[in-house]
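What you are looking at is a predicted structure, and each value in this text was computed from that prediction instead of being measured. Whatever order the structure lists ligands and atoms in, that order sets their numbers, starting from 1.
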Amino acid sequence: MRIRVCHLYPDLLNLYGDRGNVLIFCRRADWRGIEVQLDQVSLPDRVKFSDYDYIFVGGGADLEQGLVSKDLEQKGPLLIDAVEQGVALLSICGGYQLLGRYYRAQDGATLPGVGLFDLYTEAGRRRLKGNILLQLAPELQKEAGNHREEELGTLVGFENHSGKTFLGHSVRPLARTIRGHGNNGEDGTEGVSYKNAFGTYLHGPFLSKNPHFADLLIARALSRRHGVVDLAPLDDALEINAHRVMEGRLR
Ligand code: GLN
């Protein structure tokens, strides 16, 4: 089995080591004997996103978001096409915002988004930051528990954004906040879930403490070409311990 991974804008969108999520994704696939092809794609490159199984987009500040927003005028329709065909995708913070309809910055400038996700983001006055504990959406919780001895229904991580994101009717939240701010600090939602594509405000290599969600992404990435796959269990004792420690601190 082979998995083709596209790391989009690695040179522009990589706050707090978001890139770690690509390493974790690839390593967990590799540990199961799945061959991984990893391509880095940025401004000058022209690619057919539907050739990939999984696309990752990290977070970035307003300056980088401006450059990416411009480039997405070209790449955006191909990205939408890929997700509609079932390609899996994870986007974080600044990348997540640009896959929505628009991001309005503090100075009022509006960066157009791709419109892949039915949502919009407007900069608020205060930064929404700190450690965060989430309850995964029920349907994802069940899926993330597949083939695992110990079920984890929560996500732990760190957020830092001023953008407030509001979801439209055609998408669902990734999770509900137990501690922290999430999408906007008001409605208790965090992130987005649409087909096999996800967005979240969890920054940095958060998949290291959330191995169940990493595996959900791998299974979704393989699903377009292989249907339902049985992922061999890994020894996640350290990862689960790290998750439980953070969860305990935040509850
Ligand atoms: N500029 C955006 C915000 O603060 C995104 C920043 C980020 O990716 N952390 O909302």
Verdict with reasoning, K195 to E84, per salt bridge (charged side-chain N to carboxylate O under 4.0 Å, His left out): CA-CA 8 Å; K195 299 202 170 192; E84 292 298 330; 2.8 Å; yes
Residues E190 and T200: side-chain donor-acceptor under 3.5 angstrom: yes
Polar-atom distance check: [X] versus ligand 1, any N or O pair below 3.5 Å?
X    : answer
G60  : yes
G163 : yes
H161 : no
R127 : yes
G59  : no

Residue-ligand contact Y96/ligand 1, heavy atom below 4.0 Å: no
Can you list the atoms of ligand 1 that are under 4.0 Å from a heavy atom of [X]?
X    : value
G94  : 5 (C), 7 (C), 8 (O)
N160 : 9 (N)
L15  : 7 (C), 8 (O), 9 (N)
Q65  : 1 (N), 2 (C), 5 (C)

List the closest protein heavy-atom neighbour of [atom]: residue, atom name, distance to the nearest 0.1 Å.
atom                   : result
atom 9 (N) of ligand 1 : H203 NE2, 2.8 Å
atom 3 (C) of ligand 1 : S162 N, 3.5 Å
atom 2 (C) of ligand 1 : Q97 OE1, 3.4 Å
atom 1 (N) of ligand 1 : D62 OD1, 2.5 Å
atom 7 (C) of ligand 1 : C93 SG, 2.9 Å

Value rounded to 0.5 Å, distance of CG in L116 from CD1 in I80: 5.5 Å
Interatomic distance, I55 atom CD1 to K75 atom NZ [nearest 0.5 angstrom]: 11.5 Å
Pair H243 and H212, ring centroids less than 6.0 Å apart: yes
is_close_aromatic(F206, F158), centroid dist under 6.0 Å: no
L38: which of V5, I3, L23 passes side chain to side chain contact (heavy atoms under 4.5 Å, CB included): V5
Contact partition for I92 relative to ligand 1, non-hydrogen atoms under 4.0 Å: neither
R127 atom CZ: more than 12 heavy-atom contacts under 6.0 Å: yes
D51/R4 under salt bridge (charged side-chain N to carboxylate O under 4.0 Å, His left out): CA gap, chis, key distance, verdict: CA-CA 8 Å; D51 285 346; R4 298 160 304 183; 5.6 Å; no
Linked, directly or transitively: V87 and V192 (ILVMFWY side chains, under 4.5 Å): yes
